[in-house]
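Order of appearance sets the numbers: ligands from 1, and atoms from 1 within every ligand.
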Amino acid sequence: MMRALILGGTADANLLADNVSRAGLDAIYSYGGRTRAPSNQPLPTRIGGFGGASGLADYIRREGITHVVDATHPFAAEMSRNATAACAETGTPLIALERAPWARTSNDNWIEVADIASAVAALPEHRARVFLAIGRQHIAPFGARPQHAYTLRFVDPPEGALPFDADVIVSRGPFTLDGELEMMQVRGIEWIVARNSGGSGAHAKIDAARALGLPVIMVARPQLPKRLRVESVAEVMQWLGHRACLGA
Ligand code: 3Y8
Ligand code: NAP
(Lines give C-alpha, C1' and ligand atoms only; values in the text may rest on other atoms or scores of the structure.)
(Ligands and ions follow the chains in the order given, each with its own letter.)
Protein backbone atom coordinates (compact mmCIF):
# COMPACT_ATOMS: atom_id res chain seq x y z
CA MET A 1 0.00 0.00 0.00
CA MET A 2 1.50 3.36 -1.05
CA ARG A 3 2.30 5.94 1.64
CA ALA A 4 4.15 9.10 0.52
CA LEU A 5 6.24 11.56 2.49
CA ILE A 6 6.25 15.08 0.95
CA LEU A 7 9.22 17.19 2.07
CA GLY A 8 7.53 20.56 1.61
CA GLY A 9 7.90 24.22 2.43
CA THR A 10 7.39 25.71 -1.04
CA ALA A 11 4.54 26.90 -3.24
CA ASP A 12 5.08 23.89 -5.50
CA ALA A 13 4.87 21.52 -2.52
CA ASN A 14 1.59 23.16 -1.50
CA LEU A 15 0.14 22.66 -4.99
CA LEU A 16 1.28 19.03 -4.90
CA ALA A 17 -0.35 18.55 -1.47
CA ASP A 18 -3.68 19.78 -2.88
CA ASN A 19 -3.45 17.34 -5.78
CA VAL A 20 -2.43 14.41 -3.57
CA SER A 21 -5.24 15.16 -1.12
CA ARG A 22 -7.84 15.38 -3.91
CA ALA A 23 -6.58 12.10 -5.37
CA GLY A 24 -7.15 10.49 -1.97
CA LEU A 25 -3.55 9.25 -1.76
CA ASP A 26 -2.10 8.41 1.65
CA ALA A 27 0.58 11.06 2.31
CA ILE A 28 2.25 13.09 5.04
CA TYR A 29 3.43 16.70 4.54
CA SER A 30 6.62 17.74 6.30
CA TYR A 31 7.83 21.23 7.31
CA GLY A 32 11.25 21.91 8.81
CA GLY A 33 9.75 24.25 11.40
CA ARG A 34 11.51 27.37 10.11
CA THR A 35 8.53 29.71 10.41
CA ARG A 36 6.17 30.44 13.25
CA ALA A 37 2.92 29.76 11.43
CA PRO A 38 3.42 27.75 8.25
CA SER A 39 0.49 27.50 5.86
CA ASN A 40 -2.02 24.76 6.65
CA GLN A 41 -1.99 21.76 4.35
CA PRO A 42 -4.88 19.41 3.35
CA LEU A 43 -2.72 16.46 4.46
CA PRO A 44 -1.55 15.17 7.85
CA THR A 45 1.43 17.39 8.63
CA ARG A 46 4.59 17.01 10.72
CA ILE A 47 6.87 19.91 11.67
CA GLY A 48 10.58 19.75 12.59
CA GLY A 49 13.77 17.94 11.63
CA PHE A 50 14.13 14.16 11.46
CA GLY A 51 17.60 14.05 13.06
CA GLY A 52 19.80 13.84 9.99
CA ALA A 53 19.73 11.22 7.24
CA SER A 54 19.67 8.37 9.79
CA GLY A 55 16.73 9.98 11.57
CA LEU A 56 14.89 10.23 8.28
CA ALA A 57 15.69 6.58 7.48
CA ASP A 58 14.25 5.56 10.87
CA TYR A 59 11.16 7.69 10.20
CA ILE A 60 10.65 6.01 6.80
CA ARG A 61 10.81 2.56 8.37
CA ARG A 62 8.70 3.45 11.41
CA GLU A 63 5.96 5.18 9.42
CA GLY A 64 5.92 2.65 6.57
CA ILE A 65 6.77 5.33 4.00
CA THR A 66 6.87 3.77 0.52
CA HIS A 67 7.70 6.90 -1.57
CA VAL A 68 9.46 10.18 -0.84
CA VAL A 69 8.87 13.43 -2.77
CA ASP A 70 11.54 16.07 -2.17
CA ALA A 71 9.57 19.25 -2.92
CA THR A 72 11.84 21.46 -0.82
CA HIS A 73 13.36 24.72 -1.99
CA PRO A 74 16.48 24.52 -4.24
CA PHE A 75 18.54 26.07 -1.45
CA ALA A 76 17.39 23.48 1.12
CA ALA A 77 20.47 21.48 0.17
CA GLU A 78 21.01 19.65 3.46
CA MET A 79 17.44 18.31 3.46
CA SER A 80 17.83 17.15 -0.13
CA ARG A 81 21.14 15.45 0.60
CA ASN A 82 19.64 13.71 3.63
CA ALA A 83 16.62 12.58 1.61
CA THR A 84 18.87 11.08 -1.06
CA ALA A 85 20.98 9.25 1.54
CA ALA A 86 18.01 8.00 3.59
CA CYS A 87 16.15 6.72 0.50
CA ALA A 88 19.29 4.94 -0.70
CA GLU A 89 19.75 3.36 2.74
CA THR A 90 16.13 2.17 2.96
CA GLY A 91 15.63 1.41 -0.75
CA THR A 92 12.74 3.91 -0.92
CA PRO A 93 11.78 5.44 -4.31
CA LEU A 94 12.58 9.19 -4.35
CA ILE A 95 11.55 11.93 -6.76
CA ALA A 96 12.48 15.61 -6.58
CA LEU A 97 10.04 18.34 -7.59
CA GLU A 98 12.49 21.09 -8.49
CA ARG A 99 11.51 24.21 -10.42
CA ALA A 100 13.86 25.45 -13.14
CA PRO A 101 16.23 28.28 -12.22
CA TRP A 102 15.32 31.78 -13.40
CA ALA A 103 17.11 32.57 -16.64
CA ARG A 104 18.63 36.01 -17.28
CA THR A 105 17.00 37.85 -20.21
CA SER A 106 18.72 40.45 -22.38
CA ASN A 107 17.04 43.23 -20.39
CA ASP A 108 18.30 41.96 -17.03
CA ASN A 109 21.33 43.49 -15.34
CA TRP A 110 22.51 40.48 -13.31
CA ILE A 111 25.82 39.91 -11.60
CA GLU A 112 25.82 36.12 -11.20
CA VAL A 113 27.80 34.82 -8.21
CA ALA A 114 28.42 31.39 -6.70
CA ASP A 115 27.65 32.08 -3.04
CA ILE A 116 26.81 34.64 -0.38
CA ALA A 117 30.45 35.65 0.23
CA SER A 118 30.80 36.49 -3.48
CA ALA A 119 27.54 38.45 -3.31
CA VAL A 120 28.97 40.60 -0.49
CA ALA A 121 32.13 41.19 -2.54
CA ALA A 122 30.06 42.18 -5.58
CA LEU A 123 28.47 45.16 -3.80
CA PRO A 124 29.89 48.61 -4.63
CA GLU A 125 32.38 50.29 -2.28
CA HIS A 126 30.36 53.53 -2.15
CA ARG A 127 27.24 53.64 0.06
CA ALA A 128 24.16 52.27 -1.71
CA ARG A 129 20.56 51.33 -0.88
CA VAL A 130 20.54 47.53 -0.99
CA PHE A 131 17.55 45.14 -0.83
CA LEU A 132 18.67 41.76 0.56
CA ALA A 133 15.88 39.42 -0.63
CA ILE A 134 17.54 36.34 0.85
CA GLY A 135 15.59 35.92 4.08
CA ARG A 136 17.04 35.73 7.57
CA GLN A 137 19.51 32.89 7.83
CA HIS A 138 22.34 34.17 5.60
CA ILE A 139 22.53 37.93 6.14
CA ALA A 140 25.37 38.10 8.71
CA PRO A 141 28.20 38.23 6.07
CA PHE A 142 26.79 41.55 4.79
CA GLY A 143 27.88 43.07 8.12
CA ALA A 144 31.32 43.30 6.47
CA ARG A 145 29.86 46.10 4.30
CA PRO A 146 28.19 48.34 6.93
CA GLN A 147 28.37 51.42 4.68
CA HIS A 148 25.20 50.41 2.85
CA ALA A 149 21.56 51.18 3.74
CA TYR A 150 20.02 47.68 3.85
CA THR A 151 16.39 46.61 3.48
CA LEU A 152 15.73 43.00 4.58
CA ARG A 153 12.62 40.86 4.13
CA PHE A 154 11.76 38.13 6.66
CA VAL A 155 8.82 35.74 6.96
CA ASP A 156 8.58 36.40 10.72
CA PRO A 157 9.52 39.46 12.82
CA PRO A 158 13.23 39.42 13.74
CA GLU A 159 14.09 37.89 17.12
CA GLY A 160 16.85 39.83 18.90
CA ALA A 161 19.40 42.23 17.41
CA LEU A 162 20.29 42.20 13.71
CA PRO A 163 23.98 41.74 12.76
CA PHE A 164 23.93 45.26 11.28
CA ASP A 165 21.64 48.29 11.04
CA ALA A 166 18.83 47.50 8.57
CA ASP A 167 15.18 48.07 7.75
CA VAL A 168 13.10 44.87 7.96
CA ILE A 169 9.97 44.14 5.93
CA VAL A 170 7.97 41.24 7.40
CA SER A 171 6.17 39.39 4.60
CA ARG A 172 5.92 35.74 3.55
CA GLY A 173 5.11 36.12 -0.14
CA PRO A 174 4.16 35.23 -2.79
CA PHE A 175 4.91 38.77 -4.00
CA THR A 176 3.38 40.91 -6.78
CA LEU A 177 5.04 43.08 -9.41
CA ASP A 178 3.13 46.20 -8.30
CA GLY A 179 4.07 45.55 -4.68
CA GLU A 180 7.74 45.06 -5.55
CA LEU A 181 7.85 48.14 -7.80
CA GLU A 182 6.27 50.32 -5.13
CA MET A 183 8.58 49.00 -2.38
CA MET A 184 11.70 49.57 -4.47
CA GLN A 185 10.68 53.05 -5.58
CA VAL A 186 9.51 54.22 -2.14
CA ARG A 187 12.75 52.95 -0.57
CA GLY A 188 14.98 54.17 -3.41
CA ILE A 189 16.51 50.68 -3.80
CA GLU A 190 19.65 50.74 -6.00
CA TRP A 191 20.84 47.11 -5.71
CA ILE A 192 19.06 43.78 -5.12
CA VAL A 193 20.65 40.58 -3.80
CA ALA A 194 18.61 37.43 -4.60
CA ARG A 195 19.07 33.68 -4.67
CA ASN A 196 18.03 31.80 -7.78
CA SER A 197 14.97 30.18 -6.20
CA GLY A 198 13.07 29.73 -9.43
CA GLY A 199 9.31 29.39 -9.35
CA SER A 200 6.79 32.20 -9.43
CA GLY A 201 6.42 33.02 -5.72
CA ALA A 202 9.38 35.37 -5.60
CA HIS A 203 10.01 36.22 -9.24
CA ALA A 204 8.20 39.57 -9.03
CA LYS A 205 11.33 41.26 -7.63
CA ILE A 206 13.27 40.16 -10.70
CA ASP A 207 10.62 41.64 -13.01
CA ALA A 208 10.58 44.83 -10.92
CA ALA A 209 14.38 45.15 -11.04
CA ARG A 210 14.28 44.75 -14.82
CA ALA A 211 11.55 47.40 -15.16
CA LEU A 212 13.55 49.82 -12.99
CA GLY A 213 16.88 48.95 -14.61
CA LEU A 214 18.38 47.91 -11.26
CA PRO A 215 21.35 45.54 -10.91
CA VAL A 216 20.60 42.14 -9.32
CA ILE A 217 23.36 40.13 -7.64
CA MET A 218 22.04 36.61 -8.28
CA VAL A 219 23.34 33.77 -6.10
CA ALA A 220 23.50 30.43 -7.93
CA ARG A 221 21.98 27.29 -6.45
CA PRO A 222 24.00 24.76 -4.48
CA GLN A 223 24.90 21.48 -6.17
CA LEU A 224 22.41 18.76 -5.24
CA PRO A 225 22.97 14.99 -5.46
CA LYS A 226 21.87 13.20 -8.62
CA ARG A 227 18.27 11.93 -8.28
CA LEU A 228 15.11 11.55 -10.33
CA ARG A 229 13.98 15.15 -10.88
CA VAL A 230 10.84 16.67 -12.45
CA GLU A 231 9.61 20.24 -12.74
CA SER A 232 5.84 19.77 -12.62
CA VAL A 233 3.29 18.57 -10.11
CA ALA A 234 1.65 16.57 -12.91
CA GLU A 235 4.82 14.49 -13.34
CA VAL A 236 4.96 13.77 -9.63
CA MET A 237 1.27 12.75 -9.62
CA GLN A 238 1.94 10.45 -12.54
CA TRP A 239 4.88 8.92 -10.66
CA LEU A 240 2.79 8.51 -7.52
CA GLY A 241 -0.47 7.60 -9.22
CA HIS A 242 1.16 5.08 -11.53
CA ARG A 243 2.82 3.35 -8.65
CA ALA A 244 -0.32 3.61 -6.52
CA CYS A 245 -2.30 1.76 -9.20
CA LEU A 246 0.37 -0.89 -9.54
CA GLY A 247 0.69 -1.06 -5.76
CA ALA A 248 4.45 -0.75 -6.42
C1 3Y8 B 1 9.01 27.38 6.21
C2 3Y8 B 1 6.36 27.94 4.53
C3 3Y8 B 1 3.39 29.75 -0.23
C4 3Y8 B 1 4.85 29.36 -0.24
C5 3Y8 B 1 5.71 30.60 -0.11
C6 3Y8 B 1 8.40 29.70 -3.19
C7 3Y8 B 1 7.72 30.98 -2.71
C8 3Y8 B 1 7.47 32.71 -0.93
C9 3Y8 B 1 10.52 32.61 -2.31
C10 3Y8 B 1 12.00 37.32 -1.10
C11 3Y8 B 1 12.47 35.88 -1.12
C12 3Y8 B 1 13.36 33.20 0.88
C13 3Y8 B 1 12.50 32.58 2.02
C14 3Y8 B 1 11.23 32.54 0.07
C15 3Y8 B 1 10.37 32.08 -0.90
C16 3Y8 B 1 7.91 31.27 -1.21
C17 3Y8 B 1 7.16 30.23 -0.38
C18 3Y8 B 1 9.36 31.04 -0.70
C19 3Y8 B 1 12.27 33.58 -0.17
C20 3Y8 B 1 7.95 29.76 3.40
C21 3Y8 B 1 7.66 28.66 4.41
C22 3Y8 B 1 8.82 28.39 5.11
C23 3Y8 B 1 9.85 29.22 4.58
C24 3Y8 B 1 11.25 29.22 5.07
C25 3Y8 B 1 12.01 30.42 4.62
C26 3Y8 B 1 13.50 30.50 4.99
C27 3Y8 B 1 13.93 31.65 4.04
C28 3Y8 B 1 13.13 31.38 2.78
C29 3Y8 B 1 11.98 33.62 2.99
C30 3Y8 B 1 5.34 28.71 5.38
C31 3Y8 B 1 7.13 31.02 3.63
C32 3Y8 B 1 14.15 34.38 1.35
C33 3Y8 B 1 14.28 32.16 0.18
O34 3Y8 B 1 13.01 32.95 9.11
C35 3Y8 B 1 13.48 31.94 8.55
O36 3Y8 B 1 14.27 31.12 9.11
C37 3Y8 B 1 13.08 31.70 7.12
C38 3Y8 B 1 13.79 30.78 6.44
C39 3Y8 B 1 14.20 29.18 4.70
C40 3Y8 B 1 15.41 31.66 3.69
C41 3Y8 B 1 16.29 32.16 4.81
O42 3Y8 B 1 17.44 31.70 4.81
O43 3Y8 B 1 15.81 33.00 5.62
N44 3Y8 B 1 12.05 30.48 3.18
N45 3Y8 B 1 9.38 30.02 3.61
C46 3Y8 B 1 9.25 26.02 5.58
C47 3Y8 B 1 9.55 24.93 6.61
O48 3Y8 B 1 9.59 25.19 7.82
O49 3Y8 B 1 9.72 23.77 6.16
O50 3Y8 B 1 5.75 29.38 6.35
O51 3Y8 B 1 4.15 28.57 5.04
C52 3Y8 B 1 7.68 29.20 2.00
C53 3Y8 B 1 8.01 30.06 0.84
N54 3Y8 B 1 9.15 30.68 0.68
O55 3Y8 B 1 2.89 29.99 -1.32
O56 3Y8 B 1 2.83 29.87 0.88
O57 3Y8 B 1 9.54 29.81 -3.69
O58 3Y8 B 1 7.81 28.62 -3.04
N59 3Y8 B 1 11.32 32.05 1.31
C60 3Y8 B 1 15.02 32.71 -1.06
O61 3Y8 B 1 16.14 33.19 -0.87
O62 3Y8 B 1 14.41 32.66 -2.16
C63 3Y8 B 1 11.72 35.02 -0.10
O64 3Y8 B 1 11.73 37.87 0.02
O65 3Y8 B 1 11.91 37.91 -2.20
P1 NAP C 1 18.19 22.86 5.02
O2 NAP C 1 19.20 23.84 5.45
O3 NAP C 1 18.36 22.12 3.72
O4 NAP C 1 17.93 21.74 6.13
C5 NAP C 1 18.45 21.87 7.44
C6 NAP C 1 17.71 20.85 8.31
O7 NAP C 1 16.38 21.30 8.52
C8 NAP C 1 17.55 19.48 7.65
O9 NAP C 1 18.71 18.70 7.74
C10 NAP C 1 16.37 18.93 8.44
O11 NAP C 1 16.76 18.63 9.78
C12 NAP C 1 15.50 20.17 8.55
N13 NAP C 1 14.53 20.29 7.45
C14 NAP C 1 14.62 21.08 6.36
N15 NAP C 1 13.51 21.00 5.61
C16 NAP C 1 12.70 20.12 6.23
C17 NAP C 1 11.40 19.60 5.95
N18 NAP C 1 10.68 20.02 4.89
N19 NAP C 1 10.87 18.67 6.81
C20 NAP C 1 11.57 18.26 7.90
N21 NAP C 1 12.80 18.73 8.23
C22 NAP C 1 13.33 19.65 7.40
O23 NAP C 1 16.74 23.56 5.02
P24 NAP C 1 16.38 25.14 4.84
O25 NAP C 1 17.07 25.68 3.65
O26 NAP C 1 16.53 25.79 6.16
O27 NAP C 1 14.82 25.01 4.49
C28 NAP C 1 13.93 24.67 5.51
C29 NAP C 1 12.53 24.61 4.95
O30 NAP C 1 12.20 25.87 4.37
C31 NAP C 1 12.33 23.56 3.86
O32 NAP C 1 11.03 23.00 4.00
C33 NAP C 1 12.38 24.37 2.58
O34 NAP C 1 11.61 23.78 1.56
C35 NAP C 1 11.78 25.67 3.03
N36 NAP C 1 12.27 26.80 2.24
C37 NAP C 1 13.61 27.05 2.22
C38 NAP C 1 14.07 28.12 1.46
C39 NAP C 1 15.54 28.43 1.43
O40 NAP C 1 15.89 29.49 0.93
N41 NAP C 1 16.39 27.57 1.93
C42 NAP C 1 13.16 28.90 0.72
C43 NAP C 1 11.79 28.59 0.77
C44 NAP C 1 11.36 27.54 1.54
P45 NAP C 1 17.26 17.15 10.26
O46 NAP C 1 18.65 17.05 9.74
O47 NAP C 1 17.15 17.20 11.74
O48 NAP C 1 16.34 16.15 9.61
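In this structure, the protein non-hydrogen atom closest to atom 35 (C) of ligand 2 is Gly9 O, 3.6 Å. Looking only at protein heavy atoms, the nearest one to atom 26 (O) of ligand 2 is Arg34 NE, 2.7 Å. What sits closest to atom 31 (C) of ligand 2 on the protein, heavy atoms only, is Gly8 O, 3.9 Å. Nearest protein heavy-atom contact of atom 21 (N) of ligand 2 is Gly48 O, 3.4 Å. At the shortest separation from atom 17 (C) of ligand 2 among protein heavy atoms lies Gly32 N, 3.4 Å. Here the protein heavy atom with the shortest distance to atom 36 (N) of ligand 2 is His73 CB, 3.6 Å. Among all non-hydrogen protein atoms, the one lying nearest atom 48 (O) of ligand 2 is Phe50 N, 2.7 Å. Among all non-hydrogen protein atoms, the one lying nearest atom 11 (O) of ligand 2 is Gly49 CA, 3.6 Å.
Close approach of ligand 2 to Ala77 (heavy-atom distance below 4.0 Å) involves ligand atoms 3 (O). Ligand 2 places these atoms under 4.0 Å from at least one heavy atom of Gly52: 45 (P), 46 (O), 47 (O), 48 (O). Near Arg195, with a cut-off below 4.0 Å to any heavy atom, the atoms of ligand 2 are 39 (C), 40 (O), 41 (N). The Arg46 neighbourhood of ligand 2 comprises atoms 20 (C), with distances under 4.0 Å to a heavy atom of that residue. The distance from ligand 2 to the heavy atoms of Asn82 drops below 4.0 Å at these ligand atoms: 9 (O), 46 (O). Residue contact check: Thr72 has heavy atoms under 4.0 Å from atoms 34 (O) of ligand 2.
A 4.5 Å side-chain heavy-atom check between Ile134 and Phe142 finds at least one atom pair inside the cut-off.
Inclusion of Ser30 in the set of residues having an N or O under 3.5 Å from an N or O of ligand 2 is warranted. Residue Met79 has at least one N or O atom closer than 3.5 Å to an N or O atom of ligand 2. Checking only distances, Glu78 does come within under 3.5 Å of ligand 2, N or O to N or O. Here's the thing with Ala76: one of its N/O atoms is less than 3.5 angstrom from an N/O atom of ligand 2.
Using a 4.0 angstrom heavy-atom cutoff, Ser197 does not count as in contact with ligand 2. Residue Gln137 places a heavy atom under 4.0 Å from ligand 2. At least one heavy atom of Gly51 sits closer than 4.0 Å to an atom of ligand 2.
The neighbour count for Glu182 CD, taken as heavy atoms of other residues, nucleotides or ligands under 6.0 Å away, does not exceed 12. Within 6.0 Å of the CD atom in Gln147, the count of heavy atoms belonging to other residues, nucleotides or ligands exceeds 12. Counting non-hydrogen atoms of neighbouring residues, nucleotides and ligands closer than 6.0 angstrom, the CD atom of Gln137 exceeds 12 such neighbours.
The closest donor-acceptor contact from the side chain of Ser80 to the backbone of Pro225 lies at 3.5 Å or more, if one exists at all. Side chain of Arg129 to main chain of Arg187: a donor-acceptor pair is present (N/O by atom type, distance under 3.5 Å, no hydrogens or angles). No donor-acceptor pair under 3.5 Å is formed between the side chain of Arg46 and the backbone N or O of Ile28. In this structure a side-chain-to-backbone donor-acceptor pair under 3.5 Å is present from Asp108 to Thr105.
For the side-chain contact (heavy atoms from CB on, under 4.5 Å) with Ile65, the qualifying choice from Arg62, Glu63, His67 is Glu63, the only one to do so.
The aromatic rings of Tyr150 and Phe164 sit tilted relative to each other, their planes meeting at an angle between 30° and 60°. Using bins of under 30°, 30° to 60° and over 60° for the plane-to-plane angle, the ring pair His73/Phe75 lands in the tilted bin.
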Can you give me a line-by-line list of nitrogen or oxygen pairs between ligand 1 and the protein shorter than 3.5 Å?
unit_1	atom_1	unit_2	atom_2	d
ligand 1	34 (O)	Arg136	NE	2.8
ligand 1	36 (O)	Arg136	NE	3.1
ligand 1	36 (O)	Arg136	NH2	2.7
ligand 1	42 (O)	Gln137	N	3.4
ligand 1	42 (O)	Gln137	NE2	2.9
ligand 1	43 (O)	Arg136	N	2.6
ligand 1	43 (O)	Gln137	N	3.2
ligand 1	48 (O)	Gly32	N	3.3
ligand 1	48 (O)	Gly33	N	2.9
ligand 1	48 (O)	Arg34	N	2.8
ligand 1	49 (O)	Gly32	N	2.6
ligand 1	50 (O)	Thr35	OG1	2.7
ligand 1	50 (O)	Arg172	NH1	2.8
ligand 1	50 (O)	Arg172	NH2	3.4
ligand 1	51 (O)	Ser39	N	2.9
ligand 1	51 (O)	Ser39	OG	3.1
ligand 1	51 (O)	Arg172	NH1	2.7
ligand 1	57 (O)	Arg99	NH1	3.4
ligand 1	57 (O)	Arg99	NH2	2.6
ligand 1	58 (O)	Ala11	N	2.8
ligand 1	58 (O)	Arg99	NH1	3.4
ligand 1	61 (O)	Arg195	NE	2.9
ligand 1	61 (O)	Arg195	NH2	3.2
ligand 1	62 (O)	Ser197	OG	2.4
ligand 1	64 (O)	Arg153	NE	2.8
ligand 1	64 (O)	Arg153	NH2	3.4
ligand 1	65 (O)	Arg153	NH2	2.8
ligand 1	65 (O)	Lys205	NZ	2.8

